[in-house]
K.L.:
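Supplied in structure tokens, the structure appears directly below.
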Amino acid sequence: MDKNQVVNLMEQIAVLLALKEGSNTFEIRAYENAARALGSLDGDLATLVREGKLKGTPGLGSTIIKRIEEAFTTDHIQFYDELVAETPQVKLDMSRIPGVGPKRINTIYQQLHVNSLAELEQACKDDRVAHLPGFGKKTQDKILQGLSFLSQHADRYLYDVAEAEAERIRQALVTQPGVVRLQVAGSLRRRRETVKDIDMVLSVDDNAGSDVRRAIMEFFTSQPSVKAITGQGETKSSVILSSGIAMDLRLVGDSQFPYTLHHFTGSREHHIPLRRRALGMNMTINDYGLFKVEDGKETLVPCKTEADIYQALQLDYIEPELREDTGEIEAAARHALPELVKESDLKGVLHAHSTWSDGKNSIREMAEACIAHGYSYLGLTDHSRAAAYAGGLNPEALKRQGEEIDKLNQEFGDRFHILKGTECDILRDGELDFSDDVLASLDFVVASIHSNFNLSQEEQTQRMLRAIANPYVDIIGHSTGRILLGRPGYPLDMDQVIEAAAQHGTCIEINAHPSRLDLDWRYIRKARDKGIKIPVDPDAHALAGIDDMRYGIGIARKGWLRPQDVLNTLDFEALMAFFHVKRSKK
DNA sequence: GCCGTTTTCGGCCCGACTGTTTTCAGTCG
């Protein structure tokens, strides 16, 4: 069993414990903490166990270390198996209903003996749920609503979908009289690849009256994209938007804005150690303020911005993307946070398609769109012949494409450069779809897996390692092949992949398509720390695809990347030199 | 279940909202 599988088991144990009657909430938290602590340790599980690295890691005590070692040696955790055996599936299903937590799940299960969500729905319709202790008509209706919502939507949304919805609402709200500050918060602000809901924080003048606040909330809940109102008050309103995403708007006086924004930006995992730090400095944080505690009395520490809050805690400002409790607080205390890459640092585009394969636009159109975006080069990478479904090119077609590129380059002169490239299929055995001499005729090569997703992890990893070791492969495309909310990636030992890429000087891209965002940000920092250059690539199949670069930048920032870590922040000459150096090592 | 430069026991981040009650439990972020 590898580390990720154990991390997964720890998370599962936390969920199962929460559904067990009479379990200790702090025990649940202990397993959640352990999952994150283990996940952020470097190295594979065998090494960690062998070298005794687990002991002394904060969050891993003697019991949990025993369980991790048990998983390593016997390939299962008996405690987990027992929990699974005693937890009815319907309890797990119910935990996905909004507003229904462990306590209510247990009440429903004990008293109504339902065995499926369908039976729960029937119980609601029979008016049996409303008569349970602590329940009522409204709770029952809410459960019914939740069940219907669950059946219609997966419970998460892609970043770009949520961002577009949020932006529409933001632009409307910002025009309203009385609005002082307005900002997206939550996981959307932290640029998570998928989000569950949208949080927004709005401030009005501290002296603004009830009428102003009510008018803003009224305006919000009457927006055309609001499909249903699930709550409306002067400080908080909740709605369901037309796409199905839930959205909360919080309204505060402007002096409270930074504290509230910070609170609702999260993450919960970031806040826990931050609050512990505050307590250690005789301060306490909540969504209304940062308070100095002296002789049992609380005095507000005045902050105009989030940066002031961090400063009061003797920390450098922590960008929202980094607030995931992966070491950002310690780094902020040491003044060691990275200066994060920005979209404006990007000099060019490195993975794009044209009508030569499955793109919608010609090379010229793609190039001109890049120029319009302010980029100075385009690395064109149409598919190779094995990708027949995508109109992949054979060596002959690739040569003719090169001639067209030569002509365009002559026309553009120094103003813009098109690189000859390919997105070459990695075949089943790890061999590339083009021979070395064909690859050598190109400026650079992206290699990707597009077939045989169902190999074993061992086979898939070996296949990838072989491609990484090919001296003509400059960049691995969408390395895990995942489609967010669509399909998981093929099984791959990413630690080995990163190790090999570092050894061979092969880049691993961040595929910026909002359905991919692959490499995952959780691995990016590891890759960076091994010295791997990471291009942010749009994998554009049409002009509009070039805009996706900004999603990739969001993920790059989440992965702690600085401008110098991102390959396509290099200018054209430096980029060509980089590719040249790699090949000359052959 | 984890943790400790006051502690090896008794804490563990904190407050709002909702719906249920009539002072509070459950859920959420």
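The analysis underlying the following values was restricted to heavy atoms, covering all of them including side chains, and did not include hydrogens, waters or symmetry mates. Here is the naming used below: chain letters follow the sequence lines, and residue numbers restart at 1 for every chain.
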K.L.:
Would A/Glu306 and A/Arg189 pass as an ion pair if we require N to O under 4.0 Å?
P.N.:
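Looking at A/Glu306 and A/Arg189, the cut-off is met.
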K.L.:
For B/dC14, does either OP1 or OP2 sit under 4.0 Å from a side-chain N or O belonging to A/Arg268?
P.N.:
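No, A/Arg268 has no side-chain N/O under 4.0 Å of OP1/OP2 on B/dC14.
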K.L.:
For A/Leu261 and B/dG29, what is the distance between atoms CG and P respectively, to the nearest whole Å?
P.N.:
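Rounded to the whole Å, the gap is 17 Å.
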K.L.:
Determine which nucleotide pairs with B/dG4, using a 3.5 Å limit on both distances of a Watson-Crick or G-U wobble pair.
P.N.:
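Answer to the pairing question: B/dC9, which forms a Watson-Crick or G-U pair with B/dG4.
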K.L.:
Just the rounded figure in Å: distance from P of B/dT27 to CG of A/Asp197.
P.N.:
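Between P of B/dT27 and CG of A/Asp197: 18 Å.
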K.L.:
With respect to the side chain of A/Lys138, which nucleotide from B/dG26, B/dA16, B/dT20 is positioned closest?
P.N.:
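Within the option list, the nearest is B/dT20.
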K.L.:
Which comes earlier along DNA chain B counting from the 5' end, the contact point of A/Phe264 or that of A/Asp287, where each point is its nearest nucleotide?
P.N.:
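Comparing both residues, the 5'-ward one is A/Asp287.
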K.L.:
Which nucleotide sits closest to the side chain of A/Ile64: B/dC2, B/dT27, B/dG15?
P.N.:
B/dC2
K.L.:
From CD1 of A/Ile28 over to C1' of B/dT27, roughly how many Å is that when rounded to an integer?
P.N.:
13 Å
K.L.:
Check every atom of B/dG15, B/dA16, B/dC2 against the side chain of A/Thr235 and return the nucleotide holding the closest atom.
P.N.:
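Nearest to the side chain of A/Thr235 among the choices is B/dA16.
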K.L.:
Calculate the interatomic distance between A/Met94 atom CE and B/dT27 atom P; express it in whole Å.
P.N.:
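About 11 Å, once rounded to whole Å.
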K.L.:
Among B/dC17, B/dA16, B/dG29, which nucleotide has an atom closest to any side-chain atom of A/Tyr288?
P.N.:
B/dA16
K.L.:
Minimum heavy-atom separation for A/Tyr259 and A/Val301, please, with both atom names.
P.N.:
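Scanning both residues completely, I find the closest heavy atoms to be OH-O, 2.6 Å.
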K.L.:
Side chains of A/Tyr523 and A/Arg528: do they bring a donor and an acceptor to under 3.5 Å?
P.N.:
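No.
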K.L.:
Using the C1' atom on both, measure B/dG11 against B/dT6 and round to a whole Å.
P.N.:
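After rounding to an integer number of Å, I get 14 Å for this pair.
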K.L.:
Using whole Å, what does the distance between atom P of nucleotide B/dC17 and atom CG of A/Asn286 come to?
P.N.:
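After rounding, the gap between these two atoms is 13 Å.
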K.L.:
Using the C1' atom as the point on both nucleotides, what is the distance between B/dG10 and B/dG15, in whole Å?
P.N.:
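These two C1' atoms come out 23 Å apart once rounded.
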K.L.:
Look for any protein N or O under 3.5 Å of an N or O in nucleotides 3-12 of chain B and output each such pair with its distance, or none.
P.N.:
from  : atom 1 : to      : atom 2 : distance (Å)
B/dC3 : OP1    : A/Gly59 : N      : 2.6

K.L.:
How far, in whole Å, is B/dT20 from B/dG26 if one measures between their C1' atoms?
P.N.:
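The answer is 10 Å between these two C1' atoms.
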K.L.:
In this structure, how many angstroms lie between the C1' atom of B/dG19 and the CZ atom of A/Phe135, rounded?
P.N.:
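Going from A/Phe135 (CZ) to B/dG19 (C1'), I get 11 Å.
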K.L.:
Would you name the heavy atoms of A/Arg482 and A/Gly489 that are closest together and state the gap between them?
P.N.:
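Taking A/Arg482 first and A/Gly489 second, the nearest heavy atoms are CB-N, 3.5 Å.
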K.L.:
In whole Å, what is the span from the CZ atom of A/Arg250 to the P atom of B/dC17?
P.N.:
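Between P of B/dC17 and CZ of A/Arg250: 8 Å.
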K.L.:
Could you tell me how far B/dT23 sits from B/dC17 if I compare only their C1' atoms? Round to whole Å.
P.N.:
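It comes out at 16 Å once rounded to the nearest Å.
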K.L.:
Kindly point out which of B/dG29, B/dC2, B/dT20 is positioned nearest to the side chain of A/His263?
P.N.:
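Of all the options, the side chain of A/His263 is nearest to B/dG29.
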K.L.:
In whole Å, what separates the C1' atom of B/dC3 from that of B/dT8?
P.N.:
10 Å
K.L.:
Would you please classify the geometry between the A/His262 ring and the A/His271 ring as parallel, tilted or perpendicular, with 30° and 60° separating the classes?
P.N.:
tilted
K.L.:
Using the C1' atom as the point on both nucleotides, what is the distance between B/dT5 and B/dG1, in whole Å?
P.N.:
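The answer is 24 Å between these two C1' atoms.
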K.L.:
For A/Ser238 and for A/Thr284, find the nucleotide of DNA chain B with the closest heavy atom, then tell me which residue's nucleotide is more 5'.
P.N.:
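Its nearest nucleotide lies further toward 5', so the answer is A/Thr284.
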K.L.:
Looking across every strand, which nucleic acid part, if any, lies under 4.0 Å from A/Gly266 by heavy atom: base, sugar-phosphate, or nothing?
P.N.:
nothing
K.L.:
As a test of reading the structure: which of B/dG29, B/dG26, B/dC17 is closest to the side chain of A/Arg104, going by heavy atoms?
P.N.:
B/dG26
K.L.:
Might you confirm whether atom CD of A/Glu167 has over 12 heavy atoms from other residues, nucleotides or ligands at distances under 6.0 Å?
P.N.:
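Buried by this count: over 12 neighbours within 6.0 Å.
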K.L.:
A/Thr63 side chain N/O closer than 4.0 Å to the phosphate oxygens (OP1, OP2) of B/dC2?
P.N.:
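For B/dC2, OP1 or OP2 has a side-chain N or O of A/Thr63 closer than 4.0 Å.
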K.L.:
Identify whether any heavy atom of A/Arg277 sits under 4.0 Å from a base atom; if not, whether one sits that close to sugar-phosphate; answer base, sugar-phosphate or nothing.
P.N.:
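Nothing, no heavy atom under 4.0 Å.
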K.L.:
How about CD on A/Gln171, more than 12 heavy atoms from neighbouring residues, nucleotides or ligands closer than 6.0 Å, or not?
P.N.:
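Counting other residues, nucleotides and ligands, CD of A/Gln171 exceeds 12 neighbours.
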K.L.:
At under 4.0 Å between heavy atoms, what does A/Lys137 touch on the DNA or RNA strands: base, sugar-phosphate, or nothing?
P.N.:
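Sugar-phosphate: the residue A/Lys137, judged by heavy atoms under 4.0 Å, touches backbone atoms but no base.
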K.L.:
Please report the distance, rounded to the nearest Å, between CE in A/Met247 and P in B/dC28.
P.N.:
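Taking CE of A/Met247 and P of B/dC28, I get 20 Å after rounding.
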K.L.:
Got a salt bridge between A/Glu298 and A/Lys292, using NZ or NE/NH1/NH2 to carboxylate O under 4.0 Å?
P.N.:
no
K.L.:
Sticking with atom C1', work out how far B/dT7 lies from B/dC2, rounded to a whole angstrom.
P.N.:
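Approximately 14 Å lies between the C1' atom of B/dT7 and that of B/dC2.
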K.L.:
When you check the gap from the basic side-chain N to the acidic O, do A/Glu294 and A/Lys297 get nearer than 4.0 Å?
P.N.:
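Here A/Glu294 does not pair with A/Lys297 in a salt bridge, since their nearest N and O are not under 4.0 Å apart.
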